[in-house]
Amino acid sequence: MLSVYDLSISFSRYSFGLKKREVRAIEDLYLQVSAGQIMAVIGQSGAGKSLLAHALLGILPRHALLTGSLFFKGRPLTEQRLAELRGREIALIPQSITSLNPLLRVGAQVARAARLSGVGKKEVRQAVQRAFARYGLKDDVASLFPHQLSGGMARRVLTATATVGRADLIVADEPVNGLDAPTARETLAHLRELADDGKGVLLITHDIEAALQVADKVTVFWAGTTLEVAAADDFREGGRLQHPYTRALWNALPANAFLSARQPALTPPGSPGCPFRLCCARQDSLCAERAPKLRNAGQGMVRCHHA
Ligand SMILES: Nc1ncnc2c1ncn2[C@@H]1O[C@H](COP(=O)(O)OP(=O)(O)OP(=O)(O)O)[C@@H](O)[C@H]1O
Ligand SMILES: [Mg+2]
């Protein structure tokens, strides 16, 4: 349903002396999402997860420069097509609850999203009621303004807004952040239901345990690039994971006794070689010289000279 090849996103920044320079936030990113599947994207803060989400919705800031190829349902995602599909066929559950319109009552916001995504005028009311019920929002929440919601409620409203319509691809950016454990589990179960109904779901999170509860596959980001694509099952055992970073993430899971969890160091952006090398026990001169390419390996893909 969605294919992303060699995606790079950079920003122009003015440094001291008003010198303009390009800062690359995402480089050679690869991603595939199929219909009926939850693809989790995991990566630590600043890895480029939200930028990817915004690129898929065509809502990057103006000073962002994007290169690479994006395809949705087999056709290139041009800027114009992105604008047409946004909210209709591709919907976002944004990371920040400030995305809600502060001046519009919650019910009206969800109804507007339903209309935008092609729900007929007569069916809107019912669609909104269904979405409210699905996310445990009482009817009287419809008449509240966003500032009257708790953080958890606001997150549920965002999820209801993104899923009320007919979008085939749901991009969920940290959908369970700030939710208590039962509500988080429910939200993840709803995303699973959407996938089981044939939609493609991109579940962006830094919470691997949450991702593994529902995902089919996992794409691992590091410093704006894809290090590994693995089946979620590979994380249950750990043995089939290939990249040293992914293996360290697996080791750091509570179930695996937080073995060798450590704060990684970042290679300076734009420097040659493997972006992960400064944290890697297996690095050698080849890793410093040349960035490895993402290649098929085992049942997934890996970007490492030595995996
Ligand atoms: N508008 C912007 N201008 C310049 N740089 C930006 C902008 N937005 C993001 N970046 C940079 O891009 C990188 C990736 O940011 P992004 O928000 O995608 O991270 P993330 O993986 O979503 O992190 P988190 O888990 O904290 O949400 C960061 O280094 C950030 O500084
Ligand atoms: Mg983010």
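Atoms within a ligand are numbered from 1 in the order they appear, just like the ligands themselves.
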Please check whether F11 reaches ligand 1 - meaning an N/O of the residue sits under 3.5 Å from an N/O of the ligand, judged on distance alone. no
Partner of L203 under side chain to side chain contact (heavy atoms under 4.5 Å, CB included), picked from V214, I170, V218, D216, is V214
Do me a favour and list the nearest non-hydrogen protein atom to atom 28 (C) of ligand 1 with residue, atom name and distance? G46 O, 4.0 Å
Test of understanding: clusters of I, L, V, M, F, W, Y form through side-chain heavy atoms closer than 4.5 Å, transitively. Do L56 and L66 belong to the same one? yes
Less than 3.5 Å between some nitrogen or oxygen of G43 and one of ligand 1, yes or no? no
Among all protein heavy atoms, pick the one closest to atom 3 (N) of ligand 1 and tell me residue, atom and distance. H63 NE2, 3.3 Å
For atom NZ of K199, is the number of surrounding heavy atoms from other residues, nucleotides or ligands below 6.0 Å larger than 12? yes
With atoms numbered from 1 as shown, which atoms in ligand 1 lie under 4.0 angstrom from a non-hydrogen atom of A25? 12 (O), 13 (C)
Is there at least one pair of N or O atoms, one from P61 and one from ligand 1, spaced under 3.5 Å apart? no
Going only through I, L, V, M, F, W and Y residues with side-chain contacts under 4.5 Å, is there a path from I59 to L85? yes
Can you tell me if G48 has a non-hydrogen atom under 4.0 Å from ligand 1? yes
Atoms of ligand 1 under 4.0 Å from any heavy atom of Q95, numbered from 1 in the order shown, are 27 (O)
To the nearest 0.1 Å, how far is atom 5 (N) of ligand 1 from its closest protein heavy atom, and which atom is that? R13 NH2, 2.8 Å
Does atom CZ of R75 have more than 12 heavy-atom neighbours, drawn from other residues, nucleotides or ligands, at distances under 6.0 Å? no
Same apolar cluster (I L V M F W Y, side chains within < 4.5 Å links), L158/L52: no
For R156 and T183, which I'm curious about, is there any donor-acceptor pair between the side chains at under 3.5 Å? no
Between S50 and ligand 1, is there a nitrogen or oxygen pair with a distance under 3.5 Å? yes
Looking at atom 18 (O) of ligand 1, what's its closest protein heavy atom, distance included? L51 N, 2.9 Å
Please answer: with hydrophobic residues joined when any side-chain heavy atoms are less than 4.5 Å apart, are F71 and L169 in the same cluster? yes
Does the protein place a non-hydrogen atom closer than 4.0 angstrom to atom 13 (C) of ligand 1? yes
Should E89 and K73 count as an ion pair when the cut-off is N to O under 4.0 Å? yes
Quick one about Q32 and S3 (side-chain donor to acceptor, distance below 3.5 Å, no hydrogens or angles considered), yes or no? yes
Heavy-atom contact check, 4.0 Å cutoff: does Q44 meet ligand 1? yes
Atom CD of Q126: over 12 foreign heavy atoms under 6.0 Å: no
Counting backbone and side-chain atoms alike, does S50 have an N/O/S atom under 2.8 Å from the Mg ion (ligand 2)? yes
Under a 4.0 angstrom heavy-atom cut-off, which atoms of ligand 1 come close to A47? 19 (O), 21 (O)
Minimum-distance protein heavy atom relative to atom 26 (O) of ligand 1: S45 OG, 2.5 Å
Specify the protein heavy atom at minimum distance from atom 25 (O) of ligand 1: its residue, its atom name, and the distance to 0.1 Å. K49 NZ, 2.8 Å
